[in-house]
Protein chains: 2
Amino acid sequence: MVKDKNTEQRIFEAARIVFQKKGLAGARMQEIADEADINKALLHYYFRTKEKLFEAIFNEVFDNISSGLEKLFNTEMGVVERFRFIVEIYIENLLKNRQIPLFVLNEMNRNPEKIQMLIEQKIVIYLKNFMMQIQQEIHEGKIRNVNPFHLLMSVLSMTIFPFVAYPIIKGIGEKNMPINIDTFYMERKKVIIDFIENTLKP
Amino acid sequence: MVKDKNTEQRIFEAARIVFQKKGLAGARMQEIADEADINKALLHYYFRTKEKLFEAIFNEVFDNISSGLEKLFNTEMGVVERFRFIVEIYIENLLKNRQIPLFVLNEMNRNPEKIQMLIEQKIVIYLKNFMMQIQQEIHEGKIRNVNPFHLLMSVLSMTIFPFVAYPIIKGIGEKNMPINIDTFYMERKKVIIDFIENTLKP
DNA sequence: GTCTATAAGTAGATAGAC
DNA sequence: GTCTATCTACTTATAGAC
């Protein structure tokens, strides 16, 4: 249960927890109120409607992703080094917020028309720039000639997918694996970075 | 709208469409009825409750996955060859059923206790056997020494994730890419298989 | 700002005619 | 088997006291 802090923050954090677990349609205002330890009417006092509350949560999540990308891509950095950063930062962050990928993917797929613009302006633009940088380094002979789009998609897949496939990983890892699941996620950093380096070394 | 066929099949197919698009909580019985072009009461006549109808759909999807895995893993085949099969068959199938991954991942993550057993018995068991085969071929020196769990997870990620990330791919691909999105998905077969071969060649 | 009580609307489920 | 009409329960949202 969310305590301390002012009411609006409490509601916000409670809503984040519930929406990320249940999705927009599956979440109940009552559950959010309980989680925030306040009355249901207060939710409406602060956020008017369920949709608006959800939007507030989603926008915050999306902005975090976006500003993270901005930081990653507005620093001067070579392609391989940048990939390394992406993988490390993403895995660190996703370990702390494991529900985020499914939450975002759901909203992206269920309301594409609604957030297409957001995706375009806050995600795709950075990825496109990065692909141009990759193209550039290929041209300069710094890295091997690969398809930047596919490479980027492979790296994102290897990084993010294991977090949405948690139940499968848990199923595999639980009994006859010598390591715990968090260790597995941490190990992936090296696995993915090795893949990148192998793929790109000239 | 689903026509022809008997009523039960019509309901079933309509429910599959709606549940895969909206999820259990987001789906409406009325919408399923409309999609099937029948009355709402008939849904209950054939399937009693929304939950049971959903379960019927989910079990069918899950059985398809499971029987697919069974076919893939009960054939005599080397590791590399088997990986090739997996990637090709999965991409072919997912191109025809793009909503499946998100649908299944959602249910797995939202009702883990409910389907943990299913995952264990119908998915994980095959993956574990395959990892043992990988271990075996490593031992025999047929393939390079890699971590089977990570390799498997990487391949599954690269294969499946792009289908749940469709909105991002669309955003990237739509304007300044010379190919259409289906071509991109088809190309991934080769990309992933190349990765496997490079990773495993001794 | 925060609560209780309640209104208003929606969705799943059933009764009963045909 | 299939339909219309209706019930019941739940959920969002609001009114109004404090």
Side-chain angles (χ1 to χ4, degrees), chain A residues 1-61 99 103 106-107 109-111 114-115, chain B residues 1-61 99 103 106-107 109-111 114-115:
Chain A
M1 211 187 290
V2 184
K3 295 237 169 179
D4 294 336
K5 310 199 171 178
N6 68 48
T7 306
E8 189 167 352
Q9 284 176 314
R10 294 234 310 270
I11 292 173
F12 200 79
E13 289 177 27
R16 183 166 41 212
I17 291 168
V18 176
F19 279 135
Q20 285 183 12
K21 190 154 63 185
K22 306 265 176 99
L24 170 57
R28 293 288 164 260
M29 294 298 261
Q30 185 60 58
E31 195 181 349
I32 296 172
D34 292 346
E35 181 74 33
D37 199 30
I38 49 128
N39 191 278
K40 205 173 45 150
L42 272 184
L43 300 182
H44 293 96
Y45 175 81
Y46 281 96
F47 292 91
R48 296 269 326 143
T49 69
K50 185 186 180 187
E51 260 70 26
K52 285 196 205 309
L53 178 53
F54 179 83
E55 237 172 81
I57 301 293
F58 184 77
N59 286 338
E60 196 228 17
V61 169
Q99 314 268 22
F103 175 72
N106 268 318
E107 183 65 4
N109 279 281
R110 297 217 172 127
N111 271 326
K114 194 173 144 200
I115 63 162
Chain B
M1 211 188 291
V2 185
K3 294 238 171 181
D4 295 336
K5 309 197 173 179
N6 67 50
T7 305
E8 191 169 349
Q9 284 176 313
R10 293 233 310 269
I11 293 174
F12 199 79
E13 289 178 28
R16 180 165 45 214
I17 291 168
V18 175
F19 279 134
Q20 287 184 10
K21 189 153 63 186
K22 306 267 178 95
L24 171 58
R28 294 290 164 259
M29 293 299 261
Q30 185 60 59
E31 194 181 351
I32 296 172
D34 292 345
E35 181 74 34
D37 199 30
I38 50 129
N39 190 279
K40 203 173 46 150
L42 271 185
L43 300 182
H44 292 96
Y45 176 79
Y46 280 97
F47 292 91
R48 282 311 286 161
T49 69
K50 185 186 181 186
E51 262 69 26
K52 285 196 202 313
L53 178 52
F54 180 83
E55 237 172 79
I57 300 294
F58 184 78
N59 286 339
E60 196 227 17
V61 169
Q99 315 267 22
F103 174 72
N106 269 318
E107 182 65 4
N109 279 280
R110 298 218 171 125
N111 271 325
K114 196 173 143 199
I115 65 162

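Because the structure is predicted, anything quoted here is derived from the model rather than measured. Every chain is numbered from 1, with letters handed out A, B, ... down the list of sequences. Just so you know, these numbers use all the heavy atoms, side chains as well, and skip hydrogens, waters and symmetry mates.
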Rounded to whole angstroms, how far apart are [atom1] on [X] and [atom2] on [N]?
| X | N | atom1 | atom2 | value |
| --- | --- | --- | --- | --- |
| A:Leu43 | C:dT2 | CG | P | 11 Å |
| B:Glu51 | C:dA13 | CD | C1' | 12 Å |
| A:Lys40 | D:dT12 | NZ | C1' | 7 Å |
| A:Asp34 | D:dT11 | CG | P | 12 Å |
| B:Gln30 | D:dT6 | CD | C1' | 14 Å |
| B:Glu31 | C:dT10 | CD | P | 15 Å |
| A:His44 | C:dC3 | NE2 | P | 15 Å |
| A:Asn6 | C:dG1 | CG | C1' | 12 Å |

Looking across every strand, which nucleic acid part, if any, lies under 4.0 Å from A:Ala27 by heavy atom: base, sugar-phosphate, or nothing?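 Sugar-phosphate contact only.
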Once you apply a heavy-atom cut-off of 4.0 Å, does A:Ala33 come out as touching a base, just sugar-phosphate, or nothing?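 Contact class for A:Ala33: none.
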Along DNA chain C (nearest heavy atom to each residue), the more 5'-positioned of B:Arg48 and A:Tyr46: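 Of the two residues, A:Tyr46 wins.
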Which pairs would a plain distance check flag for residues 22-30 of chain A, meaning a side-chain donor or acceptor within less than 3.5 Å of a matching protein atom at least two apart in sequence or in another chain?
from, atom 1, to, atom 2, distance (Å)
A:Lys22, NZ, A:Glu31, OE1, 3.0
A:Lys22, NZ, A:Glu31, OE2, 3.0
A:Arg28, NH1, A:Ala25, O, 3.2
A:Gln30, NE2, A:Asp34, OD1, 2.9

Any sub-3.5 Å donor-acceptor pair from A:Arg16's side-chain atoms to A:Ile57's backbone N or O?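 No.
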To the nearest 0.5 Å, what is the distance between CZ on A:Phe54 and CG on A:Asn59?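 It comes to 9.5 Å.
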Got a sec: does the NZ of A:Lys114 have more than 12 other heavy atoms crowding it under 6.0 Å?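 Yes, the 6.0 Å shell around NZ holds more than 12 heavy atoms from other groups.
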Under 4.0 Å between a side-chain N or O of B:Thr49 and OP1 or OP2 of C:dG12?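 No.
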Any B:Arg28 side-chain nitrogen or oxygen under 4.0 Å from OP1 or OP2 of C:dT10: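 Indeed not, no polar side-chain atom of B:Arg28 lies that close.
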I'd like to check B:Phe103 versus B:Phe58 (side-chain heavy atoms, cut-off strictly below 4.5 Å). Are they in contact?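 Heavy-atom side-chain distance check passes, below 4.5 Å.
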Given C:dA13, D:dT2, D:dA13, the nucleotide with the shortest approach to the side chain of B:Lys50: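 Closest of the options to the side chain of B:Lys50: C:dA13.
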Nearest-neighbour nucleotide for the A:Ala41 side chain, D:dC3, D:dA15, C:dA13 considered: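 Nearest nucleotide to the side chain: D:dA15.
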